[in-house]
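The model shown is predicted, which means the values in this text are computed figures rather than measured ones.
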Amino acid sequence: MKIAYLINDMYGIGGTVRTVANQAAALSARHEVEIVSVFRHRADPVLPVPAQVGLRPLVDIRQQGDQATGIGGRPLYEGSERAGLPPLLFPPEDGRGSTHSRLTDDRLEEYLATTDADVVVGTRPGLNVVIARAAPDRIVKVGQEHLTYEQHAEELRRVMAAEYPNLDAFVTVTEADARTYAEQMPMPGVRVLSIPNSVPAPPFTVNGHNTRTIVSAGRLAPSKRHDLLVQAFSMVSDEFPDWTLRIYGRGSRRGPLGRLVGSLGLQDRVWLMGPHPRVEEVWAQGAFAAVTSSEEPFGMTIVEAMRSGLPVVSTDCPHGPASIIRDREDGLLVPNRSAPGIAEGLAQLMGDDQLRRRMSSAALTDSARFDPANVVLLHEELFSELAGVGPPSPAALTVPAPRPEPPAACRVESGPDGTSVLSFGPVAESPGAGSAQVPERVVLAKPGRRVELFPDAEGRVVVDASRGTEAAPATDAGARTRAGAGAATVTGPGRASGRGTGLVTGEWQVFRVDRGVEAPVRDVEIHQHGYPLSPARTSGLSLVVPTRSAKGRLVLHVRRSAHHAEIEHVEIADGLITVQGRVLGQQRPDARARLVVRLRSSPQTRREFPSAVAAGGEFTAVIDPEQVVRGREGDSEKWEMRVLLSDGGECTVGRHLSGVVGYKQIIEYASQQVRPARGVGTRVRPYYTVNDRLGLLTSPTAPTLPVDRVRVRPAGRHGGRLYFEVSLGMPVPEGVAFAVEVVRGTGAGHRYPLQALPNRAGREEGRLVGMVPLLDHIDYRGLSVLRTSWQLRLKAGPAGAMAKLGAKAVPDSTARRWSHGAYVRSATVAPLGSGDLRVTVADVHVVEALNRRIH
């Protein structure tokens, strides 16, 4: 048979995309399979589509320059006016209705009318409705439900109830949801059944190592309730101080989650990792997984984690978790929407190594029922029956053997010894592995440096930062070949000779050279095991951490230092910054060790704080932000940290042993304010550099100043401008700029400067004055009578860091002046509760005003 899957956007990432990819790959072993993506927003899919599966986009929405829009702001994709009209075929009641248009209708209708597919499968309600409305009778029409009945709005359910009876079959992912549809939405003549989603076996599973890491993955959406997970972890974090929680995914709750983590002081324990293109690589770094959704149509992440060998702590929410997890055998079901219940489940697995290992083994065994080889039979039986082609042969039923994806062209394995091994050779146990090609050489490159490495006979390249690289003459090809995987040619500043140190700290791009052509390494599988490394058992810093760039290219992050202090905790409280960590390889105490904070632009400018090192290398340093910025208040600067030992050894300070890179985007510490009696204050914040070293950022802050009065009067010829005079309750500080900003009204967003008048002798009052143009704006030109108002905001501070200057206690005031003819222009200023000002300008006819006053 030929089977086509209709999906909204196969080029994105999410549960439906992964499910369709899995189903298509499994069915393609015995059938022709095509995925039809309504939209294409990028060149290649984020999740790889097997080569044997066709991928056809219908509408290219990759924007090229400015695009005109149509009704409802619909972009005119592909320059078509039809893209600007709302759809008629695709139901607007679907949540993606605003992205569809008459153009998508045209393409969908054309595809359904011309396809030679025997079966067309829809993957969301709107597409199921399209199939029901437009697919010809010769096609078997199957609708899939990837959410649940309850998750759809009533308006959409009415459309579904009217159109779904035109389908041949409707498939949910749980039996409970199939029963709900049968009861709530009868579909006479339509096969209604449940088939679980399939999840293929990952390329590797956990190997029993204890990472002390909890992993959660999924959209950061309200229904996923990651906030409950963070709260639950905070309840048990003190009892298990060596555990961390990593949350992978993107979504609307990223900001609130980050603020929650900060408010609980868990920045060093709970990490918001962002999205990851290969979730199986994520699971392999955890000890167990946590899923805390308030509702879950199926639970793809649960099955994925179990297939990687992780037990799962999951809320017992409708509908999926209880149909996947066997409570207390391969995971734990905990009360839904209950942070204490989740905390109890986390603590149970965190505190019992044997229980985790036993559940890990059970998870691998029990989740095999979701393998595509098993689930594909259910789809085949349904499609064959509906198409009238008869069921698959008994031999095919007993040995489904769905075609596996070929192994990645480059497999990277990174372990606790700090090295990374790049394997380009074939995998003997993988069908079709012989197609893998070993490159002539591998090039590691960063600005100003290149390192060339040569694969061994098995296609392996060992990248070891601790050894540096062995140099071979650039002109002696025979020497390079004989040297094997350890051989290298180093070019650039500091060219190595003999045993060199070519791999310096930083980000190295990886290229392969085939027949003299150099190309980035893209098709990558990354296996990091043995992380995080224990600072107590690591003597020195020499790591090579593999990652992918935003474009999917292999990148190696080298972290090396002869002396290093690994950060374990940073606390900001009581006006101080406390840094705790461990000096690697330190065997004896050092009471005279110091933490040095050094200005990056001027290293001779430094501050020192006591940082005694214990026998095991542990140290604690308390940084006083006031000492850091003393004499440099109001400057924006970067400071680096070093631990200076009494014997003169200088240790880099950073966070590396977890095997994670990019803490600059993952951890955000709060800042401490340094406020002098006068002048500009300073904000001091710990931060991580691009190489994950810990430093300090200082930036100016606006002063807190009392505003006593604000007067506004018309000025200039015919009152065409507004003159501002602001009286402060104290002298004007030095080095502070002032402005008035339009918040609402004509010219919103514009800012106009206010000048400080010289302080008068013997007076504790500062004054600011300035002009705001009024009639220069096109909206007021040609008007004979003016009446309008603005919301204005006073601002103060350094030029790059001006902040709001509250004025909610100033009294109302009105100033008038003759404008033109018989009109007087008035300017009234009144405070708002927010601290902003309401300024109203009106032209009043003198005679009319007098009559009103008299009568």
Side-chain angles (χ1 to χ4, degrees), residues 202 204-218 226 229-230 232-249 257 261 264 266-276 278-292 301-302 304-314 331-332 342-343 345-357 359-360 363-364 413-416 418 526-538 543 545-547 566-569 582 655-663 665-667 692:
F204 44 79
T205 60
V206 295
N207 57 7
H209 64 263
N210 194 349
T211 68
R212 296 293 191 267
T213 300
I214 306 169
V215 179
S216 181
H226 291 102
L229 176 58
V230 173
F233 182 80
S234 72
M235 296 176 184
V236 296
S237 59
D238 290 342
E239 185 180 353
F240 303 96
D242 54 344
W243 281 80
T244 58
L245 167 64
R246 300 184 190 180
I247 300 175
Y248 289 84
L257 272 178
V261 170
L264 296 172
L266 292 174
Q267 297 96 324
D268 293 305
R269 305 282 303 279
V270 179
W271 300 340
L272 304 182
M273 305 294 292
H276 196 287
R278 298 281 186 101
V279 72
E280 67 273 11
E281 298 174 359
V282 166
W283 300 127
Q285 298 180 42
F288 67 92
V291 177
T292 52
T301 55
I302 298 175
E304 288 170 345
M306 293 173 66
R307 297 232 66 188
S308 292
L310 294 191
V312 181
V313 174
S314 172
L332 295 176
I342 297 168
L346 297 180
Q348 189 170 349
L349 283 188
M350 293 162 77
D352 194 331
D353 293 354
Q354 291 186 352
L355 177 63
R356 286 199 311 277
R357 283 194 287 270
M359 284 189 170
S360 176
L364 280 172
E413 189 165 351
S414 180
I526 299 175
H527 184 192
Q528 285 183 262
H529 60 90
Y531 286 96
L533 308 183
S534 169
R537 294 191 293 272
T538 305
L543 296 176
V545 182
T547 64
E566 180 74 4
I567 293 300
E568 296 178 347
H569 182 60
R582 187 185 296 261
R655 190 185 290 267
H656 304 301
L657 299 185
S658 66
V660 171
V661 296
Y663 284 105
Q665 283 75 42
I666 296 172
I667 297 178
D692 299 315

CD (Glu566) and CZ (Arg655) are apart, to the nearest 0.5 Å, by 7.0 Å
Closest non-hydrogen contact found for Gly286 with Leu310 is O-CD2, 3.3 Å
### Message
Looking at Gln528, is its backbone amide N or carbonyl O close enough to the side chain of Glu413 to form a donor-acceptor pair, meaning the two atoms are under 3.5 Å apart?
### Response
no
Heavy-atom closest pair (Trp283 atom, Ala289 atom, distance to 0.1 Å) is CZ3-CB, 3.7 Å
For His529 and His527, the nearest pair of non-hydrogen atoms, with its separation, is CB-NE2, 3.7 Å
For this session: Look only at the side chain of Ser360 and the backbone of Arg357, and say whether a donor-acceptor pair between them is shorter than 3.5 Å.
Result: no
In a table with atom names and distances, give each donor-acceptor pair under 3.5 Å that connects a side chain of residues 345-354 to protein atoms at least two apart or in another chain.
residue: Asp352; atom: OD1; partner: Gln354; partner atom: N; Å: 3.3
residue: Asp352; atom: OD1; partner: Leu355; partner atom: N; Å: 2.9
residue: Asp353; atom: OD1; partner: Arg356; partner atom: NH1; Å: 3.2
residue: Asp353; atom: OD1; partner: Arg356; partner atom: NH2; Å: 2.7

Quiz item: Between Asp692 and His656, is any side-chain donor less than 3.5 angstrom from a side-chain acceptor?
Solution: no
Value for CE (Met306) from CG (Leu364), rounded to nearest 0.5 Å, stands at 9.0 Å
So, the side chain of Thr244 versus the backbone of Arg269: is there a donor-acceptor pair under 3.5 Å, distance only?
no
The side chain to side chain donor-acceptor pair (under 3.5 Å) partners of Glu281 (sequence neighbours excluded) come to Arg548
Discussion item. Are Trp243 and Phe288, when compared by the centres of their aromatic rings, separated by less than 6.0 Å?
Written reply: yes
Residue set satisfying salt bridge (Lys or Arg N to Asp or Glu O under 4.0 Å) with Arg582, at least two apart, ordered chain then number -> Glu568, Glu618
d(Leu543 CG, Ser414 OG) to nearest 0.5 Å is 7.5 Å
Residues at least two apart in sequence or cross-chain that pass side-chain contact (heavy atoms from CB on, under 4.5 Å) with Leu245, listed by chain then number, are Ile214, Leu229, Phe233, Ile247, Val270
TODO: Say whether Tyr663 and Ser658, considering side chains only, have a donor N or O and an acceptor N or O under 3.5 Å apart.
DONE: yes
Taken in chain and number order and not counting sequence neighbours, the residues that satisfy side chain to side chain donor-acceptor pair (under 3.5 Å) with Thr213 are none
Interatomic distance, CG@Leu332 vs OG@Ser314, rounded to 0.5 Å, equals 10.0 Å
Residue set satisfying salt bridge (Lys or Arg N to Asp or Glu O under 4.0 Å) with Arg307, at least two apart, ordered chain then number -> Asp371
*Would a distance-only check, ignoring hydrogens and angles, find a side-chain to backbone donor-acceptor pair under 3.5 Å from Thr211 to Ala287?*
yes
When rounded to the nearest 0.5 Å, the distance separating CZ of Arg537 from CG of Leu657 is 11.0 Å
Rounding to 0.5 Å, atoms OG1 (Thr547) and NE2 (His276) come to a distance of 8.5 Å
